[in-house]
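The next block holds one structure in the form of structure tokens; read it before the comments.
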Amino acid sequence: MAVEELKFHRLPIPLDRDRFVRDMLRDFAASLEARIGAQQAAEFAAEIGERTGAQLGTYYRAALKRLNLNREDVAAVLVDLKRRIEGDFYIIELTDEKIVLGNRACPFGAKVIDRPALCMMTSAVFGSIASQNLGYAKVELKETIARRDKECRVVVYFRPSAESERARGREYRP
């Protein structure tokens with residue numbers, strides 16, 4: 001019996017936990033979009049992302065031994081958390097009012113293509129962390145790999161402004 005198990009273990013099948021979970025999430029997003037529509041699927045993903053963001057924010061504040069993070073800390077946290085899950089986010093611009101992030105690699109890999117509802121996870125995680133620490137956030141997904149853009153371009157506004165009012169995005173409050 002052990003010989004047979006070993007033989008199967010060596011088969012060239014592209015399967016590991018990470019790939020399995022990404023495949024499931026892509027299929028889950030596709031099923032949601034088909035059943036309830038793209039907008040509702042995005043809302044559902046955002047709800048999950050907000051919960052995840054709240055928990056991740058708690059982890060970072062505890063690790064840094066702080067009650068709240070400032071905007072520089074928030075920017076660093078957003079980049080760090082995505083790098084930990086194999087995204088490639090980087091800071092393009094950081095001001096008192098916003099952070100502009102680029103991303104060369106989605107944590108979902110190619111599984112995100114044509115599944116923009118999954119991008120709401122990023123929006124909600126970023127919005128949740130920023131609003132919990134700074135009191136407000138609005139996240140605009142200007143470009144996304146899911147929509148077949150070369151890279152992602154994400155803007156997180158830290159406070160309401162004329163520019164943030166014009167932005168097409170989702171607002172987050174603590």
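Note that the numbering runs from 1 along the sequence shown for the chain.
- Not counting sequence neighbours, the partners of Glu47 by the side-chain hydrogen bond (donor to acceptor under 3.5 Å, both in side chains) test are Arg51.
- Using a distance-only test at 3.5 Å, with no hydrogens or angles considered, a donor-acceptor pair links the side chain of Asn133 to the main chain of Ile129.
- The two residues Pro174 and Gln132 come nearest to each other via the heavy atoms CB-CA, 4.2 Å.
- Heavy atoms only, all atoms of each residue included: Ile113 and Arg26 are closest at O-NH1, 2.6 Å.
- Atom SG of Cys106 sits about 11.0 Å away from atom CE of Met121, to the nearest 0.5 Å.
- Leu94 is listed as a side-chain neighbour of Glu72, based on a closest heavy-atom distance under 4.5 Å.
- Clustering ILVMFWY residues whenever any of their side-chain heavy atoms sit less than 4.5 angstrom apart, transitively, puts Phe126 in the very cluster that holds Val77.
- With sequence neighbours left out, Ser123 forms a side-chain hydrogen bond (donor to acceptor under 3.5 Å, both in side chains) with Tyr172.
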Next item on the list: Just do the side chain to side chain contact (heavy atoms under 4.5 Å, CB included) check on Glu33 and Arg115 with the steps written out, would you?
Entry: CA-CA 9 Å; Glu33 288 178 17; Arg115 294 290 168 248; 3.4 Å; yes
Next item on the list: Verify side chain to side chain donor-acceptor pair (under 3.5 Å) between Asp80 and Tyr60, making sure each step is shown before the conclusion.
Entry: CA-CA 10 Å; Asp80 181 70; Tyr60 278 95; 2.5 Å; yes
Next item on the list: Any chance you could lay out the side chain to side chain contact (heavy atoms under 4.5 Å, CB included) test for Ile145 and Phe108, step after step, and finish with the verdict?
Entry: CA-CA 10 Å; Ile145 294 168; Phe108 293 114; over 6 Å; no
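- Of the possible donor and acceptor atoms, one in the side chain of Ser131 sits under 3.5 Å from a partner among the backbone N and O of Ser128.
- Put simply, the side chain of Ile99 does not reach to within 4.5 Å of the side chain of Arg71, judged on heavy atoms.
- Put simply, the side chain of Phe158 does not reach to within 4.5 Å of the side chain of Asp96, judged on heavy atoms.
- A chain of hydrophobic side-chain contacts below 4.5 Å, direct or via other Ile, Leu, Val, Met, Phe, Trp or Tyr residues, connects Leu141 to Leu81.
- Nearest heavy-atom pair across Ala117 and Ala45 is O-CB, 3.3 Å.
- Judged by distance alone, the side chain of Asn103 and the main-chain N or O of Asp88 form a donor-acceptor pair under 3.5 Å.
- Side-chain contact between Tyr136 and Arg173: present, with at least one pair of heavy atoms (C-beta onward) separated by less than 4.5 Å.
- For the atom pair CG of Leu78 and CZ of Phe89, the computed distance is 9.0 Å after rounding to the nearest 0.5 Å.
- Both Met24 and Ile13 sit in one connected hydrophobic cluster of ILVMFWY residues. Membership requires side-chain heavy atoms under 4.5 Å apart, directly or through other members.
- Hydrophobic clustering, with ILVMFWY side chains joined whenever heavy atoms are under 4.5 angstrom apart, keeps Leu118 apart from Val139.
- When side chains are defined from C-beta on, Arg153 counts as touching Ile92, because their heavy atoms get closer than 4.5 Å.
- Heavy-atom neighbours of Glu86 CD from other residues, nucleotides or ligands within 6.0 Å: at or below the threshold of 12.
- The backbone N or O of Lys111 sits nowhere less than 3.5 Å from a side-chain atom of Arg22 that would complete a donor-acceptor pair.
- In this structure, Glu140 does not pair ionically with Lys138, as no charged nitrogen and carboxylate oxygen lie closer than 4.0 Å.
- Side-chain contact check for Tyr59 versus Leu56: some heavy-atom pair is nearer than 4.5 Å.
- Of all heavy-atom pairs between Ile91 and Ala75, the closest is CD1-CB, 3.9 Å.
- To the nearest 0.5 Å, atom CG of residue Leu32 and atom CG of residue Asp27 are 11.5 Å apart.
- The side chain to side chain contact (heavy atoms under 4.5 Å, CB included) test with Lys142 is passed by exactly one of Val100, Val154, Val155: Val155.
- Taking the six-membered ring where tryptophan is involved, the planes of Phe44 and Phe28 are tilted, since the angle between them lies from 30° to 60°.
- By the 4.0 Å N-to-carboxylate-O rule, Asp114 lies close enough to Arg148 to be salt-bridged with it.
- Taking the side chain as every heavy atom from C-beta outward, Glu97 and Tyr157 never approach each other to under 4.5 Å.
- Within a 6.0 Å radius of CG in Leu67, no more than 12 heavy atoms belonging to other residues, nucleotides or ligands are found.
- Considering every non-hydrogen atom in both Asp73 and Asn70, the closest pair reads N-OD1, 2.7 Å.
- Residues Leu11 and Phe20 are members of one and the same hydrophobic cluster, defined by side-chain heavy-atom contacts under 4.5 angstrom among Ile, Leu, Val, Met, Phe, Trp and Tyr.
- Inter-residue side-chain proximity for Met120 and Glu43 is flagged as unmet; no heavy-atom pair is nearer than 4.5 Å.
- The two residues Arg159 and Ser164 come nearest to each other via the heavy atoms O-OG, 3.6 Å.
- A salt bridge links Glu50 with Arg170: at least one charged nitrogen is closer than 4.0 Å to a carboxylate oxygen.
- A cation-pi arrangement is present between Arg104 and Tyr90 under the rule of less than 6.0 angstrom and at most 45 degrees off the ring axis.
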Checklist line | salt bridge (charged side-chain N to carboxylate O under 4.0 Å, His left out) between Glu163 and Lys98, intermediate numbers included | finding: CA-CA 10 Å; Glu163 183 181 0; Lys98 69 183 178 186; 2.7 Å; yes
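- Side-chain atoms of Thr122 and Lys82 include a donor-acceptor pair closer than 3.5 Å.
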